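These notes concern the structure reproduced below.
Everything numeric here is computed off the predicted structure, so don't read it as measured data.
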Amino acid sequence: GGGGGGGVGFVISSFSPSDGAINIAPNSKIRITFNKEVNPVTVPPNIEVVNVDDAVVVAGNFSYELGNRRVIFTPNTFCPAPRVADNCFLPFLKTFRVTVNAVESTLGEGLVGVNTASFTTNDKLDIEKPVINILAPSGRVAEDPSVDFVAAATDDGTLVDICLSGVDTVDPANLADISAPACHTIA
């Protein structure tokens, strides 16, 4: 048989920003992670971002990560100073809705149902990259994969994602119930 998957079809594993998130930096990107590789041809016509207040569709571009398991949407609108080279969800302090339907996996599996998530921006641009410090044990990650570690992250804007490479899972008591790749969306 085909094996794997446990009967789970083609589904969205996570939205970033998460559904209902508020106070999101306008120069954030939307990241939609799927449990299987996405057929990129099916993405542009089937993922839409809309300003909820005026129903205007946000123009943007799509890119891919994690072997096409993650779709990244970047709006086309440039940010105001001091981040004029960045792209932003404008105007500030608005709610945006992401709708995903009819996207297919590379195996031709269709996404089940219509999936949506909404987030609200703040009026502060994220200027600096986040800083992640390993706190324990001894300020570094042990080579032994059975040894847990503690990390703290700070950011001047909205910290949206934390991804740890080479990690199978993240303790749900500390972050969220997720599996490889170990990424967590901060609500």
Side-chain angles (χ1 to χ4, degrees), residues 5 8-80 83-127 130 155 157-163 176-187:
V8 175
F10 182 51
V11 298
I12 293 175
S13 302
S14 67
F15 279 101
S16 173
S18 61
D19 187 30
I22 58 172
N23 204 29
I24 300 300
N27 56 333
S28 297
K29 295 179 181 180
I30 296 172
R31 291 173 171 84
I32 306 165
T33 305
F34 296 82
N35 67 330
K36 299 178 183 177
E37 290 183 15
V38 172
N39 179 348
V41 173
T42 66
V43 169
N46 294 306
I47 296 180
E48 182 177 74
V49 181
V50 174
N51 178 330
V52 172
D53 290 343
D54 59 14
V56 171
V57 174
V58 178
N61 295 300
F62 295 97
S63 58
Y64 305 89
E65 291 179 338
L66 303 175
N68 286 3
R69 285 189 47 237
R70 178 176 292 150
V71 175
I72 301 167
F73 177 83
T74 304
N76 285 344
T77 306
F78 288 108
C79 299
R83 300 298 289 190
V84 295
D86 284 358
N87 298 73
C88 274
F89 288 96
L90 295 176
F92 293 153
L93 304 170
K94 296 295 180 182
T95 299
F96 295 88
R97 182 181 56 249
V98 183
T99 303
V100 182
N101 63 50
V103 171
E104 294 180 359
S105 75
T106 54
L107 301 174
E109 300 168 282
L111 188 65
V112 179
V114 175
N115 298 267
T116 63
S118 297
F119 64 94
T120 303
T121 59
N122 61 27
D123 60 355
K124 297 177 181 96
L125 298 175
D126 189 357
I127 306 296
D155 191 27
T158 307
L159 188 60
V160 176
D161 288 319
I162 296 176
C163 295
D177 185 14
I178 57 176
S179 60
C183 295
H184 172 65
T185 300
I186 309 292

Considering only heavy atoms from C-beta outward, does the side chain of Glu48 approach that of Val57 to under 4.5 Å?
yes
Just wondering, do Ser118 and Val98 contact through their side chains at under 4.5 Å, heavy atoms?
no
Check whether any side-chain heavy atom of Asp86 sits under 4.5 Å from a side-chain heavy atom of Leu125, and report yes or no.
no
What's the shortest heavy-atom distance between Asn35 and Gly9, and which atoms?
ND2-O, 2.8 Å
Nearest heavy atoms of Phe62 and Ile47, plus distance in Å
CZ-O, 3.7 Å
Is there side-chain contact between Val71 and Tyr64, with at least one heavy-atom pair below 4.5 Å?
yes
For the residue pair Phe96 and Val58, establish whether any side-chain heavy-atom pair is separated by less than 4.5 Å.
yes
What are the two closest heavy atoms between Ala102 and Thr42, and how far apart are they?
O-CB, 4.2 Å
Check the pair Ile30, Val49 against side-chain contact (heavy atoms from CB on, under 4.5 Å), reporting the backbone distance first and the verdict last.
CA-CA 9 Å; Ile30 296 172; Val49 181; 3.7 Å; yes
Applied to residues 33-54, the ring pair (Phe, Tyr, Trp, His ring centres under 6.0 Å) test, sequence neighbours excluded, yields Phe10-Phe34
Set out, in order, the CA-CA distance, both residues' side-chain angles and the distance that settles side-chain contact (heavy atoms from CB on, under 4.5 Å) for Val38 and Val43, then state yes or no.
CA-CA 8 Å; Val38 172; Val43 169; 3.3 Å; yes
Taking atom types as modelled and ignoring hydrogens, do the side chains of Thr116 and Arg97 form a donor-acceptor contact shorter than 3.5 angstrom?
no
Can you tell me how far apart CZ (Arg70) and OG (Ser13) are? Round to the nearest 0.5 Å.
9.5 Å
How long is the straight-line distance from CG of Asp126 back to NZ of Lys124, given to the nearest 0.5 Å?
12.0 Å
What's the spacing between Glu37 CD and Asn68 CG if we round to 0.5 Å?
6.0 Å
So Ser18 and Phe119, do their side chains get closer than 4.5 Å, heavy atoms only?
no
Salt bridge (Lys or Arg N to Asp or Glu O under 4.0 Å) pairs touching residues 102-123, sequence neighbours excluded, are Lys36-Glu109
Quick one: do the Asn122 and Asn23 side chains pair a donor with an acceptor below 3.5 Å?
yes
Pro17 and Lys29 have their tightest heavy-atom pair at CD-O, 3.9 Å
Within the 4.5 Å heavy-atom criterion, are Ile12 and Thr33 side-chain neighbours or not?
no
Between Asn61 and Thr74 (side chain of the first, backbone of the second, donor and acceptor by atom type, cut-off under 3.5 Å), is there such a pair?
no
Hey, can you pull the donor-acceptor pairs under 3.5 Å for the side chains in residues 87-95, sequence neighbours left out?
| unit_1 | atom_1 | unit_2 | atom_2 | d |
| --- | --- | --- | --- | --- |
| Asn87 | ND2 | Pro75 | O | 2.8 |
| Asn87 | ND2 | Asn76 | O | 3.3 |
| Lys94 | NZ | Asp53 | OD2 | 3.2 |
| Thr95 | OG1 | Thr120 | OG1 | 2.7 |

